[in-house]
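Have a look at the structure below, then the notes.
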Amino acid sequence: MRAGRRRAAAAALTGALLLAGCSTSDSPDPVPRPPSTPDAAGWPEPRADRPVVDLRFEVAEDLETIAGAERVVFTPDLDTCVLVFRSWPNKPATARAGSGLTVSEVRVDGEPAEVRDVPAGAPENAPAGTLQEVPLTECAEPGEEITIDLEFEVELGTDVNERVGTAGDVEVAWFATAFPLLAWERGRGWDRSPAVAVAGEMAVSEDFELASLEVVADSRYEVLGTGQAVGTSDGPGDTTVHEFTAPSVRDVAVTVGELDVQSAEIGGVRVHVGLDQGVEEASAVEWLARLEESMDALVALLGPFPYDDLWVSVLSSQTSGIEFPGAIQFGDTDPDFRRALVTHELAHMWFYGLVGNNQAVHPWLDESFATFAQMVVHGQGSASMADLPGSRRHGVGEPIQYWEQFRRPSATYYDTVYTVGGATLVTARDRVGAEAFDAALQDYLRANAWSIATPDDVQEAFAELPDVLTELEQVGALP
């Protein structure tokens, strides 16, 4: 049996884009209350044998680099002879803007291990590939606990309109998915999908217990993290250690810098909003008001908010929104005018945060459903399918790599997966009735909470509503 620390099951109920235009409309109309109200009971508890992760980020004083350390305690459910981690800052959109991640050392159960760097779609200027393979000296059987320690460095490009970067004009840095991410899917094994030059997420990760997240930063800076803020302590020199923990997340996001931070409790959720010094469009108080409005409507439609804390960064170097479990990065936009964008990113807390999916293989499972929720909340989606872009040309269910072939890959991807996918779900809801559709959707969320869903799970959830499946089949979301 491999050495490793034993983990205790967490009995807690808590537990996630896109860059260019997450919403199909920016109408400032009031948010209507969806007609159905779900059971107020909490979500199922996460798996007791999920991975356990400890992370430490030491942020340089100039906010341009990070020294990182990670420990992962992993219990595979299938035989495996290799470990696979993803370095997503090395994907094209991020690496070409100057950001990147390099793994410098790996130890498995305390012993030095070989690391094989695989490009897997990383551009030539990336410091490393997007995939690191760590061969095991002995193959692991299901149920064997493996402890992996990694050391890594992160470079932060300037004014990157993506998830990893630092600002040129104000003192702030943001970094999400900026650590070696274990790429395991229960029942399926390792995901090695290549990164592509499409503006969208392409990661997959099982939920893990974030046992500790330590962010070491200059003491003059504020820090927004992931999960519950545990406290602070003195770090080396003029630094402060900010500690967070979360019972179940599948990614981590952090923002560090001179920030105007305001917090409020919304429906039992601790919501923290931080604006960098270059933000001009709206205040933190205005952001909190719009977040409360959208959260109330989404809880009525989808069920309890999946996390006890929500961390929202508003960054003057970004333009739209990127979601993470229990955290969101927004650009400097007016949340009153772009209410649909706010709702879309919050909907990802259920679709990708609570119920995960392989974003490279089945991106519609989070983007189409998040757009659907946005459309329902804001009364959108009434256009004829014949008038929607891409509705007769491409399949909603295509993997993200499919969209690379087009002259405007990101726009074609968005028009189809977001707009057509979301509108199809709204049409299906209209056909079968809101009450029946919403009940099946809530059952889907509950059945797949804290796991990675596939289109088969959608088919199972809506099996008694065949008109829903027919609508999805007609646009290529389901086979």
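- What you find for A253 and A327 is that their closest heavy atoms are CB-CB, 3.9 Å.
- Judged by distance alone, with hydrogens and angles left aside, the side-chain atoms of R446 form no donor-acceptor pair with the main-chain N or O of D443 at under 3.5 Å.
- In this structure, the ring of F369 has its center no less than 6.0 angstrom from the ring center of W350.
- Checked against a 6.0 Å centroid threshold, the rings of F175 and F57 count as neighbours.
- F330 has its ring centre no less than 6.0 Å from the ring centre of W311.
- No donor-acceptor pair closer than 3.5 Å links the side chain of D457 to the backbone N or O of N448.
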Any chance you could lay out the side-chain contact (heavy atoms from CB on, under 4.5 Å) test for I452 and R188, step after step, and finish with the verdict?
CA-CA 10 Å; I452 296 174; R188 291 180 284 274; 3.6 Å; yes
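- Remark: R250 is positioned above the aromatic ring of Y352, its terminal NZ or CZ atom under 6.0 angstrom from the ring centre and at most 45 degrees off the axis.
- Under a 3.5 Å cut-off, the side chain of D54 and the backbone N or O of A211 do not form any donor-acceptor pair.
- Aromatic pair F372/F437: ring centres closer than 6.0 Å.
- Distance alone, capped at 3.5 Å, places no donor-acceptor pair between the D467 side chain and the R431 backbone.
- Rounding to the nearest 0.5 angstrom, the gap separating the CG atom in L156 from the OG1 atom in T94 is 11.0 Å.
- Listed for the W184 side chain is no donor-acceptor partner under 3.5 Å among the backbone atoms of E206.
- Ring centroids of Y402 and F406 are separated by less than 6.0 Å, placing the two rings close together.
- Nearest heavy atom pair, residue L346 against residue S294, reads CD1-CB, 3.6 Å.
- Between T245 atom OG1 and E209 atom CD the span is 6.5 Å, to the nearest 0.5 Å.
- Considering every non-hydrogen atom in both E171 and L63, the closest pair reads C-CD1, 3.7 Å.
- Between the side chain of T130 and the main chain of A120, a donor-acceptor pair closer than 3.5 Å is present.
- With hydrogens and angles ignored, the 3.5 Å screen pairs a side-chain donor or acceptor of W43 with a backbone N or O of P304.
- Contact annotation: the side chain of Y418 approaches that of Y413 to within less than 4.5 Å [non-hydrogen atoms, C-beta and beyond].
- A donor and an acceptor atom, one from each side chain of H378 and T343, are located under 3.5 Å apart.
- Distance check: L288 CG to Q262 CD gives 7.0 Å after rounding to the nearest 0.5 Å.
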